[in-house]
Amino acid sequence: MDAPIDRGSADQRPLSKAEYVFQRLRRELQEGTIPPGAQVRQTEISSRYGVSATPVREALRRLEADGMVDYAPHRGATVTEMPKRDVRDLYLFRAEVEGLLARLAAERADATTVSALRTAHDELRRLVRHAAGAEALSSANREFHLAVMRAGSPYIADDIMRPLWEKAIPSSASMWDDPDRVERFLREHEAVLAAVEAGRGQEAGDLMAEHVRVALRARTARNRNPASPHSPM
């Protein structure tokens with residue numbers, strides 16, 4: 001039986017090797033370190049993580065059950081790649097839900113909540129000023145979106161939208177490596193934030209929904225031109 005691996009703090013129980021591999025591999029898939037469509041080679045994971053093949057196989061079975069990897073005969077495990085129609089549906093869904101939650105945020109947010117939104121926005125601006133990489137900017141962008149959604153409905157933000165975003169949109173899948181788009185996204189965030197701060201619910205909802213649709217149009221354009229170096233928000 002595999003011995004546990006201590007990867008937690010002093011007040012946490014050590015992880016089993018299988019749990020350690022599952023959590024680490026899931027995080028790499030969520031962050032896009034292993035991109036959609038890539039093969040997940042058991043021998044490479046075993047060597048890189050310093051474990052035997054058994055916990056890797058167990059982790060891959062759990063990830064397959066979660067829909068994050070697919071198995072195919074003679075090919076093994078590959079990272080799930082979302083069909084283009086499903087991607088479009090996801091962004092349309094996001095536009096509706098995030099627009100609704102931005103409207104609710106404007107109606108419900110108090111001074112503490114607005115301060116949290118401003119902090120998330122300022123952190124993204126700080127990373128831009130310090131020329132952070134696209135993946136870091138994408139992660140900060142996600143936290144801003146989730147902060148707005150949380151101001152509207154914490155349950156929908158954290159129990160529904162965060163898992164969906166982490167599963168379907170890895171932080172490496174980002175257009176935050178394009179300076180023009182970075183500035184546009186920041187301006188759009190600022191407009192949403194100003195509407196929330198002023199309590200203008202309909203405006204906040206409309207702005208957020210259009211902001212997500214901008215990302216959809218960018219992704220659609222990229223799919224028509226796969227040679228483009230930029231990926232969607």
Next on the checklist: Quick check: closest heavy atoms across Leu127 and Ala140, and the distance to 0.1 Å?
Outcome noted: CD1-CB, 3.6 Å

Checklist entry - Rounded to the nearest 0.5 Å, how far apart are CG of Leu60 and CE of Met68? => result 11.5 Å

Checklist entry - Which atoms form the tightest heavy-atom contact between Ala95 and Ala209, and what is the distance? => result O-CB, 3.5 Å

Checklist entry - Where the side chain of Ser115 meets the backbone of Ala111, is there a donor-acceptor pair that is under 3.5 Å apart? => result no

Checklist entry - How far apart are the C-alpha atoms of Leu29 and Val69, what are their side-chain angles, what is the distance that settles it, and do they pass the side-chain contact (heavy atoms from CB on, under 4.5 Å) test? => result CA-CA 9 Å; Leu29 298 180; Val69 300; 3.9 Å; yes

Item to check | Arg88 CZ: over 12 foreign heavy atoms closer than 6.0 Å | outcome: no

Next on the checklist: Run the side-chain hydrogen bond (donor to acceptor under 3.5 Å, both in side chains) test against Asp110 and tell me which residues pass, sequence neighbours left out.
Outcome noted: Thr113

Checklist outcome for this item: What one should report as the nearest heavy-atom pair of Val148 and Met208 is CG1-CE, 3.9 Å

Checklist entry - Should Arg187 and Glu190 count as an ion pair when the cut-off is N to O under 4.0 Å? => result no

Next on the checklist: Could you check whether any side-chain N or O of Arg108 sits under 3.5 Å from a backbone N or O of Gly152, counting only pairs where one atom can act as donor and the other as acceptor?
Outcome noted: yes

Could you list the donor-acceptor pairs under 3.5 angstrom formed by side chains in residues 192-201, with sequence neighbours left out?
unit_1, atom_1, unit_2, atom_2, d
Glu197, OE1, Arg118, NH2, 3.2
Glu197, OE2, Arg118, NH2, 3.4
Arg200, NE, Glu203, OE1, 2.5

Item to check | Flag side-chain contact, heavy atom, 4.5 Å: Gln42 against Ile45 | outcome: no

Item to check | Parallel, tilted or perpendicular: rings of Phe144 and His189 (30°, 60°) | outcome: parallel

Checklist entry - For the residue pair Tyr20 and Tyr49, what are the closest heavy atoms and their distance? => result CE2-O, 4.2 Å

Next on the checklist: Could you measure the distance from the CD atom of Glu143 to the CZ atom of Arg162? Nearest 0.5 Å is fine.
Outcome noted: 4.5 Å

Next on the checklist: Do the side chains of Glu98 and Arg213 get close enough for a salt bridge, i.e. N-O under 4.0 angstrom?
Outcome noted: no

Item to check | Separation of Leu63 CG from Phe22 CZ (nearest 0.5 Å) | outcome: 5.0 Å

Checklist entry - Got a sec: does the CZ of Arg41 have more than 12 other heavy atoms crowding it under 6.0 Å? => result no

Checklist entry - Looking only at heavy atoms, which two atoms of Ala53 and Ser46 are closest? And how far apart? => result CA-OG, 3.6 Å

Checklist entry - How far apart are the C-alpha atoms of Leu186 and Arg125, what are their side-chain angles, what is the distance that settles it, and do they pass the side-chain contact (heavy atoms from CB on, under 4.5 Å) test? => result CA-CA 8 Å; Leu186 288 175; Arg125 280 201 171 278; 3.7 Å; yes

Next on the checklist: Would Met161 and Ile156 count as a side-chain contact (heavy atoms from CB on, under 4.5 Å) here? Give the steps.
Outcome noted: CA-CA 6 Å; Met161 297 304 291; Ile156 294 177; 3.9 Å; yes

Checklist outcome for this item: In this structure, CD of Glu64 is separated from CZ of Arg61 (nearest 0.5 Å) by 9.5 Å

Item to check | Worked check of side-chain contact (heavy atoms from CB on, under 4.5 Å) between Phe185 and Leu137 | outcome: CA-CA 11 Å; Phe185 289 156; Leu137 296 179; over 6 Å; no

Item to check | Atom pair CD (Glu58) and OG1 (Thr54), whose distance is rounded to the nearest 0.5 Å | outcome: 9.0 Å

Checklist entry - Which distance, rounded to the nearest 0.5 Å, do you find between the CZ of Arg94 and the NE2 of His145? => result 6.0 Å

Next on the checklist: Are Leu207 and Val114 connected into the same hydrophobic cluster when the rule is that any two of I, L, V, M, F, W, Y join if their side-chain heavy atoms are below 4.5 Å apart?
Outcome noted: no

Next on the checklist: Could you report the tightest heavy-atom contact between Val21 and Val56, atom names first, then the distance?
Outcome noted: CG1-CA, 4.0 Å

